[in-house]
Amino acid sequence: MQTEEIVSLFKRRGVLWPSAEIYGGSAGLFDYGPVGIALKRRLEDAWARWFVGLSPNYYLIDPADIVPEAVVRASGHLDHFSDADVACGKCGHHARADTLLEERGLKDVEGLTPEALGRLLREENPPCPRCGERALTVPRPFNLMFGLDFGVTGKERAYLRPETAQGAYLSFARMWDVGRKQLPLGIAVIGKAYRNEIAPRNVLFRMRAFTQAEVQIFFDPDDFQVPLQAVEHEQLPCLRATDRAMGAREPTLVSAKDLVEKGGLPDFYVYHMVHYLRFFRDVLRYPVERIRFLEKNEKERAFYNRIHFDLEVKLDSLGDFKELGAVHYRGDYDLTRHGAGSKTDLSVTTTAGKKVLPHVLELTFGVDRNLWALADLHLRVETPAAAAPSPTPTPTPAPAPATAPASSPPPGEGDLKEEKGPRTYWALPAYLAPTQVAVLPLVRKLHASLAEGIAETLRDAGLSVVVPLTASVGKRYAREDEVGTPYAVTIDGETLENGSVTLRERDSRAQRRVEVKALPGELFPRVQAPRPGRGPPWSTPPA
RNA sequence: GCGGACAUAGUGUAGUGGUUAGCACGCAAGCUUCCCAAGCUUGCUACCCGGGUUCGAAUCCCGGUGUCCGCACCA
């Protein structure tokens, strides 16, 4: 699916749109609509169910998204998250101080403070790249964080958090008690992070306010037991840094066991890679051939990351593999820094009586980006010609006892009228769909009130239900297909007689008759997101 | 931030100085008694913002904002 098609559908159907649209928009900010926020919350819930579910000692918390300056000073964001911007006093042209100096042949200017860059600029006095005037201003630190005047006096500085992870580190000491003093301790956060990006681009891929879902796993580096043998045969598509250095472009499949025994990665790290892969492949159902773990080399990764694999997925809309998540082994960097910054001893005493400063394994996940990926990978357009082969012989799955046996045969695929044009449907897993069931009265006047009653019953059972009333039934099916509603229940004359309805499945459009009273039991299990280690309940065949 | 291109109903578009700003899809109301965007009737909605040139600007010029593409950036 291409970017323009996705954006157009997103706007049309109420998924999301540019923020402050009536004022011309504001780059890098988006508003989620009713369909979008429903999907986003389901995605977040599925993520939490999976990753927080990895251990009973992993917890979801919701820390503040404003942090005092001391926090970002300790974390390093204040120093490392900024560039020095200079403007031409004559023509107003903006440029980066380090770039100007590098262009004049100076080396090792990266990482210098704005003051140091200012001194060098005075010595060099380079001309403005646009007008040639030697009238550059003093470098002004441009930080990628949004700074805030905090408190009444305006003298306190605070920042919108540039990543959610900091909240987990700040809460570690408290959570050590709450979590009953056990390692490993996982602290998960789902929330907004804010970056004043220079060039927001690609809709949900570089935003100025975006949602991250992360687990920070605190563990004893000498003792992090994981049941690797349970997953050791899982094959991971990996592109290692060493192989990349030798020109490799394609990932190779390596078993979890080999990654540990021959690849030199710690077992706890590989164990979490496996669960990451399973989440993308089995829960989000991204095609496995589009997934790869890309290892960042020493130069590419942040200096505190000891091991860094991005989980990348190939997206047609953006034409390449894009980072949708990552696994970072951050060592003891964060607790060391915040321990020093806050003058607090963040080391803990384990049950074995050992004093240890925990290390951190970070599993990070971009919620908005994955919402985009769900559109890119699961939105399908079927032209009538392409759709034609499938319909005829598709027998409806084995009828459950609930199926009304004596009723007239349901209008099966063979009875479909000729299709009018391409059909767009969003093949989301049922547990991610914004709306789970559409209850459609076949003829509004005759069946609407009955449809409302059935919808209420299904809502009572915990399902998210809509009752579209306008337009022909075919058009209503099409609208629901486009926003990914997995099941449609159609109310017709027979429903009035014997309480049976037609249950239609989105992707195959297969239909079968079901007793109304069997619907909750039939549908509810299918809209539950999977949990790790529970087998594959999600592989239940479609209704 | 830099360079280039672009900006017209909800969506996609036509419109090169004077148009009631056109078309398609869509959406809404009504008719239609039974399963995949059907048909008929009626209706709805637009020139990104600000300034300038001109008798007259969607159209030309300037500035802003936004989008896309490349570069840069993404501790």
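A note on names: the letters A, B, ... follow the listed sequences, proteins ahead of strands, and every chain is numbered from 1. In what follows, every heavy atom counts, from backbone to side chain, and hydrogens, waters and symmetry copies are set aside.
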May I ask you to say what [X] touches in the nucleic acid, namely base, sugar-phosphate or nothing, with a heavy-atom cut-off under 4.0 Å?
{"X": "A:Thr470", "value": "sugar-phosphate"}
{"X": "A:Gly25", "value": "sugar-phosphate"}
{"X": "A:Asp481", "value": "nothing"}
{"X": "A:Ala27", "value": "sugar-phosphate"}
{"X": "A:His94", "value": "sugar-phosphate"}
{"X": "A:Val86", "value": "nothing"}

Hey, does the side-chain of [X] have a donor or acceptor N/O within less than 3.5 Å of a partner on the base of [N]?
{"X": "A:Gln511", "N": "B:rC36", "result": "yes"}
{"X": "A:Arg423", "N": "B:rC36", "result": "no"}
{"X": "A:Arg206", "N": "B:rC73", "result": "yes"}
{"X": "A:Glu163", "N": "B:rA75", "result": "yes"}

**Q.** More than 12 heavy atoms from other groups under 6.0 Å of CZ on A:Phe303
**A.** yes
Q.
Both A:Asn305 and A:Pro18 contact RNA chain B. Which one's nearest nucleotide lies toward the 5' end?
A. A:Pro18
**Q.** Parallel, tilted or perpendicular: ring planes of A:Tyr269 versus A:Phe309, cut at 30 and 60 degrees
**A.** tilted
Are [X] and [N] close enough that a side-chain N or O sits under 4.0 Å from OP1 or OP2?
{"X": "A:Ser472", "N": "B:rC36", "value": "no"}
{"X": "A:Lys445", "N": "B:rC34", "value": "no"}
{"X": "A:Asn196", "N": "B:rC73", "value": "no"}

Q) Going by an N to O cut-off under 4.0 Å, is there a salt bridge joining A:Arg512 and A:Glu522? A) yes
Q | Ionic contact status for A:Glu300 with A:Arg244, cut-off 4.0 Å | A | yes
Strictly by Watson-Crick or wobble contacts shorter than 3.5 Å, is anything paired with [N], and which nucleotide is it?
{"N": "B:rU33", "result": "none"}
{"N": "B:rA9", "result": "none"}
{"N": "B:rC73", "result": "none"}
{"N": "B:rC68", "result": "B:rG4"}
{"N": "B:rU16", "result": "none"}
{"N": "B:rG43", "result": "B:rC27"}
{"N": "B:rG63", "result": "B:rC49"}

(Q) Rounding to an integer number of angstrom, what distance separates B:rU59 and B:rA46 when you compare their C1' atoms? (A) 16 Å
Q | Nearest-Å distance once atom P is located in both B:rG56 and B:rC68 | A | 37 Å
Q: Ignoring the backbone of A:Tyr477, work out which of B:rC73, B:rC36, B:rC27 is nearest its side chain.
A: B:rC36
Would you tabulate the nitrogen or oxygen pairs shorter than 3.5 Å linking the protein to nucleotides 7-12 of chain B?
residue: B:rU11; atom: O2'; partner: A:Ser8; partner atom: OG; Å: 3.0

Q: Please step through salt bridge (charged side-chain N to carboxylate O under 4.0 Å, His left out) for the pair A:Arg330 and A:Glu163, ending with a clear verdict.
A: CA-CA 14 Å; A:Arg330 299 174 64 126; A:Glu163 60 177 22; 3.8 Å; yes
